[in-house]
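Working notes, beginning with the structure itself.
So you know, we letter chains A, B, ... as the sequences are listed, proteins then strands, and number each from 1.
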There are 2 protein chains.
Amino acid sequence: MRTIPELIEKIHARGGKVTPQRLAIYQALEADTTHPTAEAIYERIRETMPTVSLATVYKTLNELVAIGELRRFDIHGVSHFDPRTDPHAEVVCLGCDVIMDVFSPAAVPAPSIPGFQIVGQTQTFYGYCPNCQNVQQPLD
Amino acid sequence: MRTIPELIEKIHARGGKVTPQRLAIYQALEADTTHPTAEAIYERIRETMPTVSLATVYKTLNELVAIGELRRFDIHGVSHFDPRTDPHAEVVCLGCDVIMDVFSPAAVPAPSIPGFQIVGQTQTFYGYCPNCQNVQQPLD
DNA sequence: GTCGCTGCAAAGGTTTTGCAAGTGG
DNA sequence: CCACTTGCAAAACCTTTGCAGCGAC
């Protein structure tokens with residue numbers, strides 16, 4: 001996701017409007033590395049804007065995804081959002097669904113897929129975080 | 001996912017039973033590189049076993065995931081299943097959700113995350129397939 | 001014969017949609 | 001002012017769950 005002034009300009013250029021709700025959502029997303037769910041963003045925004053609706057949050061997030069400013073992915077049936085759209089690596093805990101950015105050990109060249117236009121990439125590692133190793137060992 | 005005879009042995013070793021429904025699901029999954037949804041597997045199995053239920057398909061798939069023989073991931077709120085559990089790369093079309101395995105251009109070393117136990121990994125590329133480039137260009 | 005599995009139906013949770021009222025540019 | 005956006009509520013969807021009957025071993 002780019003900076004908020006740039007984002008505002010981009011929204012305007014597309015004929016969109018920057019409402020207080022949208023601005024609050026942009027600010028909530030900015031530099032949020034926790035891969036929040038729509039619900040999490042909704043709760044955070046409600047602290048300062050109690051009348052906002054979850055539907056509005058979804059609509060705004062989906063718009064950002066559509067214009068390539070936000071990445072959306074699902075973990076166990078729940079959507080998460082990531083303002084980082086550059087290549088990076090993540091680890092997902094199979095036990096508790098926590099998602100963390102990790103320092104990617106290697107740059108990854110884009111594959112050549114004829115006719116396919118690549119706009120982003122992530123490297124995803126699946127495993128068990130320290131907490132969940134105690135509870136649920138992966139079975140053999 | 002390992003071969004069906006090996007899978008049967010593993011299920012038995014865990015005290016499980018290999019019913020005709022399960023066997024049909026194992027066979028449907030074997031070497032399926034299309035990253036099918038539960039629904040897709042259900043439809044395929046119904047052709048030869050019309051009385052099977054979607055709940056049974058889910059239960060069986062979830063069991064395979066739990067014992068590490070199947071990978072499960074969600075795209076736009078729908079679960080997909082992949083019998084390939086080795087590290088590999090995939091491309092996901094942001095327009096139509098089609099998922100394809102791609103030949104990974106480089107082996108990727110696992111990152112060092114203290115206390116985190118890595119059990120699998122994929123490299124995911126996001127983009128637009130030839131069909132969807134005509135419909136929805138990623139906006140700039 | 002036992003214990004696990006199946007199939008049905010209903011529940012549970014997330015995300016989307018329709019629409020009247022509100023408001024940014 | 002016009003078009004876009006909001007908020008509400010309902011709908012749509014996928015997935016899980018409870019349970020009685022069935023069947024693998």
[Y] and [X] side chains, donor-acceptor separation under 3.5 Å:
X	Y	result
B/Asp74	B/Ser79	yes
B/Glu63	B/Thr60	no
B/Gln121	B/His88	no
B/Asp97	B/His80	no

Given atom [atom1] of [X] and atom [atom2] of [N], what is their separation to the nearest angstrom?
X	N	atom1	atom2	result
B/Asp97	D/dC13	CG	P	15 Å
A/Tyr42	D/dC8	OH	C1'	11 Å
B/Asn62	D/dT16	CG	C1'	9 Å
B/Asp74	D/dT16	CG	C1'	14 Å
A/Leu54	D/dT6	CG	C1'	13 Å

Terminal contacting nucleotides, 5' and 3', DNA chain C versus chain A (heavy atom, 4.0 Å): C/dT14 to C/dG25

Touch class at under 4.0 angstrom, heavy-atom based, for A/Thr19 against every strand present: sugar-phosphate

Sugar-phosphate only, base, or nothing, as touched by B/Ser79 at under 4.0 Å among non-hydrogen atoms: sugar-phosphate

One thing to verify: whether [Y] and [X] come together as a salt bridge, which I'm taking to mean a side-chain N less than 4.0 angstrom from a carboxylate O.
X	Y	result
A/Asp82	A/Arg72	no
A/Glu30	A/Arg2	no
A/Arg84	A/Asp86	yes

First encountered from the 5' end of DNA chain D, between B/Tyr58 and A/Gln21: A/Gln21

Closest nucleotide among D/dT15, D/dC25, D/dT5 to the B/Lys17 side chain: D/dC25

Nearest-neighbour nucleotide for the A/Thr51 side chain, D/dG7, D/dT5, D/dT17 considered: D/dG7

N/O (side chain, A/Ser53) to phosphate O (OP1/OP2, D/dC8) under 4.0 Å: no

Residue whose nearest DNA chain C nucleotide is more 5′ - A/Lys59 or B/Gly16: B/Gly16

